[in-house]
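Here's the structure, in structure tokens; my notes come after.
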Amino acid sequence: MSFWNKIKKNENIYYAVTNTKVQIGVVLFLLILLLSIIGPMITRYSYTEFAGPGYEPPSSDYWFGTTIQGRDVFTQTVFGLRSTILVGFIGGLIASIIGVIIGLIAGYKGGWLDELLMMLTNVVLTFPTLAVLIIVAAYLPYRGIVNMAVLVGLTVWPWTARAVRSQTMSLKNSRFVDLSRISSNHIIRILFEDIAANMFSYIFMVFILQFLGTILATVGLEFIGLGPTRGISLGLIMQQAVNWNALELGMWWWGIIPGLILTIMIVSLYFINTGLDEAFNPKLREF
Amino acid sequence: MADTEETVLEVKDLKAYYRVMKGDVKAVDGLNFTVRRGEILGVVGESGCGKSTLAYSLISLNKPLQHISGEANLLGQDLMKLSSEEKRKLKMKNISIIPQYALDAFSPTKKIKTFIKDMVKQHGRRADKEFMDKVKTRFEIVNLSHSVLDRYSMELSGGMKQRVVMLISSLLDPDLIIADEITSALDVTSQRYVTTLLADLRDEGIIGSAIFITHDLATLYQIADRIMVMYAGRLAELGNADEIVHNPRHPYTRALINSLPRIGIQHKDERLTGIKGTPPDLTDIEEGCRFRFRCQYRTEECDKSPKMEKTHQRHYIRCWNYESVGSDKNE
Amino acid sequence: MGKYFAKKLVIYPATFFVAVTINWAVPRFMPGDPILSMIAQFQGLEGGQQIIQERFIENFGLDQSLIIQYFEFWRSLFRGDLGISLMIYPRPVFDIIKSSIIYDIIIVFPAVSLSWIVGNKAGAYSGFNKKADSFVMPFFYFLASSPYFWFAIVVVYVFGFRFGVFPTSHAYGTGMTPGFTLPFIINFIRHWFLPFFTMFLVGLGGWAIGMRNMIIYEKKANYSEYMKALGAKDKLVRRYAFRNGVLPQVTGLAIQLGTIISGAILVQMVFSYPGLGYRMVQAVQTQDFFLLQGCFLALITMALAANFIVDIVYMIIDPSIRASYEEEG
């Protein structure tokens, strides 16, 4: 049976769609995604222009208020969201691909290859990611969205590798994979059609976690000043807020609102992930 | 052998269904039987016939399994009507279970002796020296070294774990113990051992009576006093072990006995017979005898559910046509 | 257990080796030759550039082959010579690290321990009480999703400025002389509190979620069913489930250490709290290359040490590892 047919037959999809957590999470995430897409289109200002007087709290003219120089926080936020989501997507994709490949190989092959890959994974896992990113990013002459995403993606994959490996190991010993083996299918076919198809839901969940992991790491870098050299990003907004003593001056909207939106997005992703976990794992389904 | 007339368990028209999204799975649909002190009642049937559900409905009724109607009187108290605290007090002391998952029945982070002490305290007993001596005697009965007490379950073999579970489940001398497929995961020698052990425990008076659930009729015959044959959630036939095995009256019982392999006969001489067809889906199943689609003695009457009839002393059957089946000596 | 230990013993040196190599390699192989650009910084100094350039060449061994440079790097590492800070010239980097590391430890260690302990209890409670679960979980999710620095910003605003209860930057007030005097200690603690509080709350969320999920899983395990079938009260079942749920939480601690330390760096930035993280970022901003290197290595070492401790703890509490030890012995 081909890859797609195996997925469609899943009753798991039914459970996934009817799960409350998934529903809430998806709605929240879509709202924010919408904000990042439509926001830049409907705003009157650009994120660099001096839209109005500084120190303005949120109002009908300036939905999220203005910065100390008078830039519109809403505009900055929605443009920054775009950049952040893009980085998360690219970085998450890279991390997932690396993690899945390493996890599949380690889990399926076992033996010394497994030991070696796990050692590599553990080494990367032990490093405080931000510290490594700081060192490398500090020396990059130019930091764009793509190379930031790649950089971050290269440091967050270990979690995926471990998770995928343990899933692969338990699937490897299951009966239907044995059947594939007996029918002399090529190993790549087994890996992808049988194991990956069953892990599709799992891999999807893993991607969500890598997506948000990348975003958190990137925003951290941005906050320190090591984000993309051009453009605006959420971390940068908050860095500026802190550097200009926004909080001391009572300008809570500048420092807190962009981060709040980010946090809500991450919460929504966690909700989706937990909900999917419940949906796909019969043991967790409450009756 | 039943040495007194005391009834330990009386089940009257017990119904327990799994209430799930697609409907009601009528796993136990009107069971009637009794167990007397000293008796071992074997419960046998194909996978999915409801025998394990019977065990769960007596001991641990968890959603989606629900009690629909009927009684289960343990020493006079209806288990179905008790509050959870009242029922909890009866567990392990009056009614106990040796579960199917013996290999997985222990917490990996507790030593065996810790588990025993904790469980015993739950029932108000003190795990003092005197009690632990009794525990050690039990260890000897099941042929286990005392050192097992200081071990974690992962250090024990499958056979050892099975024996420890039997020991713990029977530790407080329950009036009735349910053995749920305790031989299914074992090799033949261990099966023999565990089966005999159950009978020994009964003989020593450690357990008052037992319900031995299994799909393996041959094993059952070794120790069961009476046998209840279940099919698709209902009783097919219930009676004395000898009678059931040597003189089966229900078509299903006959088919079951006939499908047992016999020693000394090879495949080339005589083929193994199975029972044609598969058990029915129990979801929202309709009325009528549930075996009729696979039965060679089927008549029109069988579209109505047969009533439970008493053929003679403590022998019951649910079949419209058992009399003609009985006279038909074709093997 | 021997095998378990052996594997662990290889990982630590391996990680350290990789860290040192990254440290050594990054500035040398990055496009744009950062070393030259750093030397170029000192163009303005009269004759000073000459001295700095010589110092650089000496320290980096730029006139030698790459391999020799690499070995020299290790040699100076073992001598404890991490170079001299450019920003706080001429203070030795090792010195700066020694005085900064205490600030990391006093925030991270209590915050992590407390958030782990309290988080586990809270998560277990949530796992056992369905009603409490739906109220409490969203709160934990929110905490766990908050970027460390953003939450720090919120804490600073609410407790620092809005309600003015705690100071919001540095380790102690200007004008205070360090010493074991009561006023200094109180002042120190007051400065310590908000960064600690931030790290505690954010961490709490994650542990609570993890433990809650473990409990839900353990509740349905066969051993739980067996205990209930034998008439165990809920309290005992919970105790057993908790004990089993704790194990993966300890492993989780080891895995999360990297993230926690990353978070600590960010929190230090918001509070200008003078730990290694703060110094490291300062080093980047002032292009103080030696300090940056030194802080990086120190942070990695801290992470490794913490990992090691957690591994030992895990070995003690997981019977399966001890059991295999007895078998071997």
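Proteins get letters first, then strands, A, B, ... in listed order; numbering begins at 1 in each.
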Rounded to the nearest 0.5 Å, what separation is found between the OG1 atom of C/Thr251 and the CZ atom of A/Arg162? 7.5 Å

Between atom CZ of C/Phe296 and atom CZ of A/Phe127, what is the distance when rounded to the nearest 0.5 Å? 5.5 Å

Side-chain (C/Trp150) to main-chain (A/Ile256) donor-acceptor, under 3.5 angstrom: yes

Residue C/Phe166 excluded, over 12 heavy atoms near CZ under 6.0 Å: yes

Rounded to the nearest 0.5 Å, how far apart are NZ of A/Lys21 and OG of C/Ser134? 8.5 Å

Under 4.5 Å heavy-atom distance to chain C, tell me which part of A/Val219 shows up: side chain, backbone, both or neither. both

Using non-hydrogen atoms and a 4.5 Å limit, figure out which bit of C/Val158 sits close to chain A: side chain, backbone, both or neither. neither

The side-chain contact (heavy atoms from CB on, under 4.5 Å) partner of C/Val281 among A/Leu130, A/Ile224, A/Leu226 is A/Ile224

Taking side chain as everything from C-beta outward and backbone as N, CA, C, O, which of these in A/Leu269 sits under 4.5 Å from a heavy atom of chain C? Side chain, backbone, both or neither. neither

Under 4.5 Å from any heavy atom of chain A, what part of C/Ala19 do you find: side chain, backbone, both or neither? both

As an exercise: rank C/Ile265, C/Val156, C/Ile260 by heavy-atom pairs under 4.5 Å with chain A and give me the winner. C/Ile265

Return the option, out of C/Thr168, C/Ile255, C/Thr259, with the maximum number of heavy-atom pairs under 4.5 Å with chain A. C/Ile255

Under 4.5 Å between any side-chain heavy atoms of C/Ile153 and A/Phe223, yes or no? yes

Any chance the side chains of C/Tyr141 and A/Thr274 put a donor and an acceptor closer than 3.5 Å? yes

Heavy-atom distances under 4.5 Å only: say whether A/Tyr270 touches chain C with side chain, backbone, both or neither. both

Between C/Val270, C/Leu276, C/Leu292, who has the most heavy-atom pairs with chain A when the cutoff is under 4.5 Å? C/Leu292

If I measure from the heavy atoms of chain A, does C/Gln256 come under 4.5 Å with its side chain, its backbone, both, or neither? neither

A/Val132 versus chain C, the contacting section by heavy-atom distance below 4.5 Å: both

Name the region of C/Ile22, side chain, backbone, both or neither, that has any atom closer than 4.5 Å to a heavy atom of chain A. side chain

Grab the two heavy atoms, one from C/Ser262 and one from A/Thr129, that are nearest each other, plus how far apart they are. OG-N, 3.4 Å

Winner by heavy-atom pair count (cut-off under 4.5 Å) against chain C, out of A/Leu133, A/Ile134, A/Val124: A/Ile134

Assert top hit (heavy-atom pairs under 4.5 Å, partner chain A, pool C/Pro147, C/Pro138, C/Ala303) equals C/Pro147

Heavy-atom distance under 4.5 Å to chain A: side chain of C/Val154, backbone, both or neither? both

Choice from A/Val267, A/Leu247, A/Val123 maximising heavy atom contacts with chain C below 4.5 Å: A/Leu247

Measure distances from A/Leu216 to the heavy atoms of chain C and classify the residue's part below 4.5 Å as side chain, backbone, both or neither. side chain

Quick one: pull up CG in A/Leu262 and OG in C/Ser145 and give me the separation to the nearest 0.5 Å. 9.5 Å

When heavy-atom pairs shorter than 4.5 Å are enumerated against chain C, which of A/Ile24, A/Thr126, A/Ile215 gives the highest number? A/Thr126

Side chain, backbone, both or neither: which part of C/Phe149 has a non-hydrogen atom closer than 4.5 Å to chain A? side chain

For the interface with chain A, which of C/Met280, C/Gln285, C/Met269 has the highest count of heavy-atom pairs at distances below 4.5 Å? C/Met280

Can you tell which of C/Leu299, C/Val18, C/Leu257 has the highest number of heavy-atom pairs within less than 4.5 Å of chain A? C/Val18

Atom CZ in C/Phe142, atom CD1 in A/Ile266: separation rounded to 0.5 Å? 10.5 Å

Closest-packed option against chain C by number of heavy-atom pairs under 4.5 Å, given A/Ile135, A/Leu125, A/Asn243: A/Ile135

Output the distance between atom CE (A/Met119) and atom OG1 (C/Thr15), rounded to the nearest 0.5 Å. 9.5 Å

